[in-house]
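Bear in mind the structure is a predicted one, so any value in this text is a computation, not a measurement. In what follows, every heavy atom counts, from backbone to side chain, and hydrogens, waters and symmetry copies are set aside. For ligands, and for the atoms within them, numbers begin at 1 and follow the listed sequence.
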Amino acid sequence: MTDKKVPLAAVIGHPIAHSRSPQLHGYWLRRYAIRGHYIPMDVAPDNLENVIRMLPTLGFVGVNVTIPHKEAVLKLADLVTDRARLIGAANTLVFRKDGKIHADNTDGYGFVQNLAQSAPKWDPKAGPALVLGAGGAARAVLASLLDVGVPEILLTNRTRERAEALKADFGDKITIVDWVQAGNAMEGANTVVNTTSLGMIGHPEMRVPLDALAPGMVVSDLVYAPLQTKLLRAATEAGATPVDGLGMLLHQAVPAFERWFGIRPEVDDALRAAVLR
Ligand code: NAP
């Protein structure tokens with residue numbers, strides 16, 4: 001028999017086997033001795049709405065949402081946060097007691113919190129940022145960089161039209177740079193962020209010239225498999241501050257866990273080790 005008082009949560013995607021979220025939330029549930037469960041759920045797009053409508057009736061307090069459902073869930077939500085609306089995608093749903101579905105996007109929050117924790121001297125206002133890539137993750141990164149006061153963002157993407165679409169949504173602080181100029185655009189940047197899948201296991205290596213990386217820059221790679229990418233190695237060699245992508249994954253989970261299970265969890269080395277195991 002189901003005990004309705006045991007809160008349940010899940011990550012919904014298609015496929016889902018690669019997700020580290022079950023290890024992450026599972027670690028926190030054990031650490032804070034919460035009688036809850038967090039499971040991976042492979043849900044095909046045709047089934048998404050049925051599953052989302054059914055889960056609250058089964059004792060689920062919310063779900064994380066990943067590829068390919070992050071955009072589609074916005075239409076199923078009753079309440080959408082401003083940042084999820086701006087990004088055009090949600091990664092966290094809360095099934096409220098009044099029956100309403102609340103959708104948020106915590107990727108940008110996780111990105112900035114990770115920089116604040118891993119590069120405590122980072123001052124986002126001190127100079128321009130260069131962002132590589134214009135996919136879903138780039139939208140969250142742009143929203144959060146503008147939110148913390150980055151004065152100018154140079155945006156470069158292999159497919160220029162996608163960068164132009166982001167500029168149309170995010171405004172005048174975005175300047176588009178041709179992909180072939182990405183290496184030159186690093187010169188003078190205060191913050192460099194890779195939001196492309198280049199360098200990720202199973203994807204091509206980054207070929208952008210990296211010799212303009214310099215001391216004082218904060219260089220963040222959203223790729224976390226592998227943890228040490230070519231970009232981060234080059235940043236370390238240049239005397240810049242490297243920030244890996246795992247921290248963003250860990251920090252974006254904090255607001256969700258707090259809303260579902262009532263405790264604001266810590267991101268620390270023990271969590272990193274548990275997720276990497
Ligand atoms: P996406 O929407 O599919 O965007 C992929 C991006 O990579 C696009 O800008 C694409 O350029 C670029 N790209 C792909 N192959 C390329 C190539 N051969 N040469 C140049 N550019 C290429 O994916 P996403 O959701 O934004 O995710 C991007 C990366 O961020 C993934 O590695 C993902 O794992 C990572 N990520 C990490 C976190 C975290 O918590 N650390 C969170 C979200 C995402 P085009 O537009 O030209 O195709």
Side-chain angles (χ1 to χ4, degrees), residues 11 13-21 23-25 64-72 83-84 87-92 104-115 117-118 130-145 153-167 169-170 174 176-183 185 192-210 219-232 242-256 267 271-272 275-276:
V11 56
H14 185 64
I16 200 60
H18 65 283
S19 174
R20 303 221 180 200
S21 292
Q23 282 144 281
L24 165 53
H25 287 276
N64 282 131
V65 183
T66 187
I67 295 167
H69 303 313
K70 284 178 146 187
E71 290 83 18
R83 60 189 180 183
I87 293 165
N91 69 346
T92 303
D104 192 9
N105 192 315
T106 63
D107 277 340
Y109 165 87
F111 169 71
V112 163
Q113 286 299 116
N114 183 35
L115 284 182
Q117 188 178 53
S118 307
L130 172 69
V131 174
L132 304 157
R139 295 185 73 89
V141 166
L142 292 187
S144 62
L145 286 176
I153 298 177
L154 304 177
L155 178 63
T156 184
N157 192 50
R158 176 181 60 174
T159 310
R160 192 181 167 101
E161 296 76 47
R162 286 185 92 186
E164 279 163 358
L166 289 199
K167 180 175 166 63
D169 285 351
F170 288 91
I174 314 280
I176 302 190
V177 173
D178 271 341
W179 181 243
V180 288
Q181 295 296 330
V192 175
V193 188
N194 174 41
T195 77
T196 75
S197 47
L198 291 172
M200 189 176 165
I201 293 170
H203 292 253
E205 189 48 276
M206 178 171 291
R207 296 236 182 91
V208 172
L210 300 172
V219 180
S220 163
D221 202 332
L222 266 55
V223 169
Y224 57 83
L227 212 47
Q228 281 306 314
T229 60
K230 184 176 163 188
L231 174 65
L232 295 183
V243 178
D244 71 50
L246 182 62
M248 172 175 170
L249 181 80
L250 306 182
H251 281 283
Q252 62 77 32
V254 169
V267 173
L271 175 69
R272 277 178 76 90
V275 172
L276 285 173

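Within the model, atoms OG1 of T195 and CG of L142 stand 7.5 Å from one another, a figure rounded to the nearest 0.5 Å.
Proximity of L198 to P204: side-chain heavy atoms (C-beta onward) are separated by under 4.5 Å at one or more points. A 4.5 Å side-chain heavy-atom check between F170 and L145 finds every atom pair outside the cut-off. For the pair L250/Q117, no side-chain contact is recorded, criterion being any heavy-atom separation below 4.5 Å from C-beta on.
The protein residues lying under 4.0 angstrom from ligand 1, judged by non-hydrogen atoms, are G133, A134, G135, G136, A137, N157, R158, T159, R162, W179, T195, T196, S197, L198, M200, P204, L222, V223, Y224, G245, M248, L249.
Side chains of N64 and S21: a donor-acceptor N/O pair is absent below 3.5 angstrom, by distance only.
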Worksheet item: Between Q181 and T156, does a side-chain contact (heavy atoms from CB on, under 4.5 Å) hold up when you go through it step by step?
Response: CA-CA 8 Å; Q181 295 296 330; T156 184; over 6 Å; no

